[in-house]
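Everything numeric here is computed off the predicted structure, so don't read it as measured data. All chains are named by letter (A, B, ...) in the order of the sequence lines, taking the proteins before the strands, and each is independently numbered beginning at 1. Excluded from the calculations below are hydrogen atoms, water molecules and symmetry mates; all remaining heavy atoms, backbone and side chain alike, are included.
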Amino acid sequence: MTTTSQKWTVETRTAASTVFAVIAAVAVIAAFAAPLFVSRSMLQDLFFILTMLMLAQNWNLLAGYAGLVSVGQQAFVGAGAYAMFAVVILGGLDPVLALPVAGIFAAALAIPTAFFVFRLDGAYFAIGTWVIAEVFGLLFAQWKALGGGTGTSLPRDATRDMFGVPFVKELFDTKSSAAADIVTYWLALVLALATVGFIYWLLRSKQGIGLASVRDNLQAARSVGVNASRLKLVVYVATAFGTGLLGALIYIQTARISPDAAFSVTDWTAYVIFIVVIGGIGTLEGPFVGVLVFFILQNLFADYGSWYLLILGLIGIVVMLFAPRGLWGLFTDKTGIQLFPIRRRLAGGPLVAHSREDTHG
Amino acid sequence: MIWIDTIIQGILLGGLYALFAAGLSLVFGIMRLVNLAHGDLIVLGAFLILVLVTALGLNPFLATLVAIPLMFALGWGLQLVILNRTLGDDILPPLLVTFGLSIVIQNGLLEGFSADSQRISAGALETASIPLGPVTVGVMPLLTFLSALAVIVALNQLFYRTSLGRAFRATSDDPVTAGLMGIEPNRIFAVATGIAFVVVTIAALYLGTRANFDPTIGPARLIYAFEAVIIGGLGSLWGTLAGGIIIGVAQTVGAAINPEWQILAGHVAFLVVLAVRPRGLFPKGL
Amino acid sequence: MAFLETRALTASYGDFQALFGVDIALEAGETIAIIGANGAGKTTLLRSITGILRNGADQVLFDGKPIGTASPPEIVRHGIAMVPEGRRLFPSLTVEENLLIGRYGRKAEGLWNLDTVYDLFPVLRQRRNSPGTALSGGQQQMVAIGRALMSNPRVLLCDEISLGLAPVIIRDIYAAFPRIRQSGAAIVVVEQDIGQALKVADRVYCMMEGRVTLSGKPADLSRDAIHNAYFGTA
Amino acid sequence: MPILSLSDVSKSFGALQVARAISFDLEKGEALGIIGPNGAGKSTLFNLITGNLQVDAGRIHFEGRDITRVPAEKRCLMGFGRSFQIPQPFEKLTVFENLVVAGAFGSNLPENQVTGLCAEILVECGLIDRANDPAGSLTLLQRKRLELARSLATSPKVLLLDEIAGGLTEAECHALVETIRAIHARGVSIIWIEHVLHALNSVVSRLLVLDFGKVIGLGEPGEIMASREVREIYLGIEI
Amino acid sequence: QNSKIKLGYVSPQTGPLAGFAEADNYIVSSFLQTTKDMGLDFDVIVKDSQSNPNRAAEVARELIVDDEVNLVMVASTPETTNPVATTCEGEEVPCLSTVAPWQPWFIGQQGNPGDPASWKPFDYAYHFFWGLEDVIAVFTNMWGQLETNKQVGGLFPNDGDGNAWGDPNVGFPPVLDKLGYGLTDPGRYQNLTDDFSAQINAFKAANAEIITGVMIPPDFTTFWTQAKQQGFTPKIASIGKALLFPSAVETVGDQGHNLSSEVWWSPSHPFKSSLTGASAKEFADDFTSVTGRPWTQPIGFVHALFEVAVDVMKRVSNPADGDAVAEAIGATKLDTLVGPLEWGTGALPPFAAKNVAKTPLVGGQWRLRNGGGYDLVIVDNQTAPNIPTGGKMEPIA
Ligand SMILES: Nc1ncnc2c1ncn2[C@@H]1O[C@H](COP(=O)(O)OP(=O)(O)OP(=O)(O)O)[C@@H](O)[C@H]1O
Ligand SMILES: Nc1ncnc2c1ncn2[C@@H]1O[C@H](COP(=O)(O)OP(=O)(O)OP(=O)(O)O)[C@@H](O)[C@H]1O
Ligand SMILES: [Mg+2]
Ligand SMILES: [Mg+2]
């Protein structure tokens, strides 16, 4: 090969993404400062939005990027939450320290789970993950020390004395429960940044482009050396980690667990799928849009009980039929704007076409 | 003795699951459509029968006969208007649309019928039983099992003996080439869903007469139906029956050991079968 | 007016345009051949005619009627049947069922029924109950042709029916063509096997990269002209 | 020692036997051509060699190691590069990204170290001006070039090319032959399936003829082309 | 008090538990009317838990944080009361709950339910209802009226109620043992089970003449139907929870005759509302005439929640002072529609005495009416002699 010493470079940024990066940086700073100037109820709404966003980003990575359409992510929410309760109640650990334990526990469970579900494809995979989640739920329902099918509550002192709470209580001069809200909110914010950052980093890394190639054409990807099954396994375990950790965080705030709640397919997977699909699957931006839509719908209609759910169902159907790439998909199709660009553009060197005679001299 | 009874009760229970699963299997086998609303559709059917029983004073079996054409039309229309648009390589659209449908049906029924437990009364049949040697077999469970058997035989006849059945199979193999034969895949799919809804109505009869039902109990039964379909093997109706029986027997045997393990045992049986035979017991094309 | 005609036919797969204004015409009872290199767009042309790819209404005319937007089943009802590339038998149907399904959309009376198809390809009668895909490639091709004939079509479209077959078998299959022509059907054969195409066709169209680059009677076409039309000029 | 060696490799799809006890050796640095009628099993043979399909029977050795059960991605890392007869680009990625995947994974290098290599290959294959376009928007000929370019980006020791010359003009065909010769000259062993015989014969030193999954001839191009059997098989295509 | 007092109320208005909440609209609107007539300024914010524990916790938080209610009230099954009470306790907001036996409510909220030494009373969560000891007494009193072999079959699911009823320390087993009953408890089954042959076989083998348990209605129907099919007919079937509502009994058709269950409230209870002065009978009749539906047991208790709320708020100077409100609840002494309520005094173990007030419980049997439908007849009042009986215990034919 002729190696001319042209300076080839690769770019991923776009004008929109640069502007967005600046706005995002400001937003992140504002978000960290939020406890200073927003009401507690707003803070809790933000916590809800952040946790749903993270669940959605995790599921999106799994289904949208790795093609693993799981309807059993509640398995990891529940496992993480139960792990947290176990180490806090039975082990006396601080709930904040329990978070990584919960993530690791969920990831560890994901490995034997993968043994079963990775034998399955498509719809079979989806149902398989669902069954596994049911099995987890039933097994945790046998854990008598944590209340079996009854469930149990986090001792009040556990969150009251949680890492950071006394400090924040002093700082903001509020009651413990409000201070705990601030701490969990900050944790959620840090985790959300980490999650989005990790996924964005992954997608821009070598592994990310490998995933994209697998999604486009499995045979061809394997033929150029991409180890598709390992990549998928890594993503599966990584999302299990993230989902389990989140499960623990969510249940620090809820403070009460029962198998039915922690392994609820509706709360932890169906709504999440709804969010991702409404927003736009296979994009980092989609879950942001989806979670906002979901939040607004919930605030507007949740008090209408069954009508609310009915409307949610109808919206899901309509979006899937008429905008299968979600609201963000509609938007990018019109504008071409991407906030998290992952395209690698070749630049530098003489990008003019070389005729073969030139190269071969 | 007790073990024989446990197995027999398990087989009969398997008949119920197979009946729940048969419609799912049909739709899944022909158009790879994962219908998450199937359980709710059975509940919808049960409410329809209930309304016919209470409003017209019909016997539940007669009411089912009346409900069947209505449900067929509903399935036909649903497929034509909504579900056909979701078919393709991507499994998400049908998953999401039928999930949405499931929520819509559940909450629509809640608005219409409240959350009260209902039951379709089958009168003395409900508790009637036949002594069969060492075990006693309830008439309704037996009828359920025989209906499952009849449904599966009838569907097999339809599939393998009629021109419509050929069209089903051809379209399921290759919808594009089926179009070249003058088959309208969308219409064939609509007919298939219509037929699946007929099966749903029969399942609804037994769901409604067996025990209580309310608008929210659909999803709990859906997972067993899916398990039966998957371990039976895609597109194999006899496989679906076998799958239902495996899950039913696993449940009763698990319960006989300890009721704590009853439902878990069914799921574990499912996972074990899949670990050994990822494509199910009787995958198509073997 | 021609019996079947395409006018400035274009076709795309997503972003990728495969046909750029193709005009061909077929007279009643006539046999034409369409030849061209791999990827020239021959299959795409047939897919457009059969409605698998949708076109503008006026881009395809049959008996003077615009049928460019018709669906495949509607095209079949008009009497246009296709032997698709790669045979495409239905794996879950037996040989006989594969043949029977050919009548599903158009039950026109005519020469062809199970018996006459079996007479045309006697070997199929013996294998009538085997799954279609258990046959040899040549036998499968016979089933695919028989299946198309079962609707007693007025136009028969054949896409590369010699593809992947041993020369003897190709001979057998093309030996059936005179009988098919006798039944009154007009035929379009798409072939890469130019020799074979020139033998059966009344007229030939040559395609390259989505365009018709040459057409005429076999006798009027020189080797060089075909070669140029195939590969472009140097 | 041959770089690649097949012994009694067989494969069936249901009742259809597409490879029947195929055995041959490829010497290091050799260029071997494969011809045979449509459906003879040529592409299938490639799939067996690269691990995209599993053999039913027989053994495959690469540089003396038995690789019969090694998965496709590992074989690529060992040094197999291939093009697909029906181009299989990663349609949503750009042309450049298609090569980056192949370069980074196939040569097992960090992504930023393959930029130059990929760019050079794009120049060599005449695709540099489409580098930042989605591969899905390429024309057929460009797709075929992309197949070649992508297989080169994996830095193969053995390059398997499946019908890359079909539909080219004389000039394009000539340029392609030059490119392949240059690759060969760098020491890459080549197996090339091609119907365009004059192009094939100007590169390869041996021809292997497949028919119905069986090897019916293996030898010097001249000798093979002279055999009656082969002429009969190509009867149709020789205008 | 010139500022508006905000009450939050959580109940399962939709979902499988919706039957418990069917009177909510009626009760809340008549409550608002009554208090307005009394010149009191109350506002009630009603939230639907959708029968989902996650949702229950979430709406409780909304009530506290968004609506800043002064008191949270919650009713119906541990699945609803526990998440709400836990949230209130964490938020330091007073909470008043009912319609869940006190053990699953109290123990179910303890971090480690298996370790009584670790149990702690609550500061803000208060509860009124009966407990397992009451239902055990009522059931065994009813059984004592009939001649049986004292063999009991137990049906306890793996849920809040089931685990409490079947608990070897606080549940049925130790008491039955003491009273000389033999209990066959095959194990905790999951709710919505389709087959009870294992239990039926076990009961047959033990020759059980009495069946007891706490089941959700669909499971009881499945069990009872299958038992009849299998030729298993006990003399007594006393089942908690499943037989609360007439509609649930009607689902077993004619087979519901003489099924027995706990009765926590009925129109024949000799109590009066402290708010309206209406007797139980008047209250039930009014409910039926307004809504067109038959009375059910929970309606009295939901009404009582509001009675307590008014009484408590009358006694505090600043309704927004959560600590004062909680303290006032603990000091309540009130005769309500469901009986006299007083915290800190009842026959309760020391750990629960502070937070639980007990209400009377009696036993009843469903009797098939001549024209179809069922009546609930109180057949045993040894635990609360002031509540009149309407008949004697009869064996199932
Ligand atoms: N489904 C498809 N999606 C995208 N491109 C396609 C598709 N089918 C065909 N093409 C492309 O369209 C062009 C024309 O293909 P077509 O199949 O019509 O060629 P052909 O002349 O029939 O070739 P062959 O002789 O190989 O059958 C080719 O470049 C091909 O790659
Ligand atoms: N995955 C598969 N399943 C079933 N049959 C297949 C499969 N892949 C290929 N075949 C069949 O195997 C035979 C050999 O195919 P192959 O693609 O190897 O032929 P080829 O020699 O490359 O032909 P061509 O010159 O047309 O490319 C054909 O009959 C083909 O239809
Ligand atoms: Mg073609
Ligand atoms: Mg090939």
From Gln190(E) CD over to Trp261(B) CH2, what is the distance, rounded to the nearest 0.5 angstrom? 10.5 Å

Would one find more than 12 heavy atoms of other residues, nucleotides or ligands at under 6.0 Å from atom CG of Asp375(E)? yes

By a 4.5 Å heavy-atom criterion (distance strictly below it), what part of Gln199(E) contacts chain B: side chain, backbone, both, or neither? side chain

Can you tell me which portion of Ser121(B) sits under 4.5 Å from chain E's heavy atoms? Options are side chain, backbone, both or neither. neither

For chain E, which residues of residues 140-152 of chain B have at least one non-hydrogen atom nearer than 4.5 Å to it? Met140(B), Pro141(B)

Among Gln255(E), Arg188(E), Lys228(E), residue most engaged with chain B (heavy-atom pairs, under 4.5 Å): Arg188(E)

Scanning both residues in full, the closest heavy-atom pair of Ser197(E) with Asp5(B) reads CB-OD2, 4.4 Å

Count the heavy-atom pairs under 4.5 Å between each of Thr222(E), Asn201(E), Leu192(E) and chain B, then report the option with the highest count. Asn201(E)

Please indicate whether Asn59(B) has more than 12 foreign heavy atoms, meaning atoms of other residues, nucleotides or ligands, lying under 6.0 Å from its CG. yes

Of the listed Pro217(E), Ala248(E), Ala18(E), Gly231(E), the one with the largest count of heavy-atom pairs under 4.5 Å with chain B is Pro217(E)

Rounding to 0.5 Å, atoms CD (Glu126(B)) and CH2 (Trp224(E)) come to a distance of 13.5 Å

For Ser247(E) and Arg119(B), which I'm curious about, is there any donor-acceptor pair between the side chains at under 3.5 Å? no

Say you draw a straight line from CD of Gln50(E) to CG of Asn107(B); how long is it, rounded to the nearest 0.5 Å? 8.0 Å

If we ignore angles and hydrogens, is there a donor and acceptor under 3.5 Å between the side chains of Thr251(E) and Asn212(B)? yes

So what's closer than 4.5 Å to chain B heavy atoms on Gln226(E): side chain, backbone, both or neither? side chain

Measure the spacing between CD of Gln229(E) and CG of Leu12(B) and express it to the nearest 0.5 Å. 9.0 Å

Under a 3.5 Å distance rule, please check whether Thr221(E) uses its side chain to pair with a backbone N or O of Ala211(B) as donor and acceptor. no

Engaged part of Asp195(E) at the chain B interface, taking heavy atoms whose separation is under 4.5 Å: both

Sub-3.5 Å donor-acceptor pair from the side chain of Gln230(E) to the main-chain atoms of Thr136(B), do we have one? yes

Ala128(B), part contacting chain E, at a heavy-atom distance under 4.5 Å: backbone

Residue from Asp254(E), Thr193(E), Leu17(E) scoring the most non-hydrogen pairs under 4.5 Å with chain B is Thr193(E)

Using the side chain to side chain contact (heavy atoms under 4.5 Å, CB included) rule, take Glu260(B) and Asn158(E) through it: C-alpha gap first, then chi angles, then the decisive distance, then the call. CA-CA 8 Å; Glu260(B) 285 178 10; Asn158(E) 185 12; over 6 Å; no

When heavy-atom pairs shorter than 4.5 Å are enumerated against chain E, which of Gln106(B), Gln9(B), Gln118(B) gives the highest number? Gln9(B)

Does either side chain, that of Tyr17(B) or that of Asp194(E), offer a donor lying less than 3.5 Å from an acceptor on the other one? yes

Look at Gly253(E), Ala227(E), Ala202(E), Pro218(E) and state which one has the largest set of heavy-atom pairs under 4.5 Å with chain B. Pro218(E)

Measure across Pro259(B) and Pro186(E) and return the closest heavy-atom pair with its distance rounded to 0.1 Å. CD-O, 2.9 Å

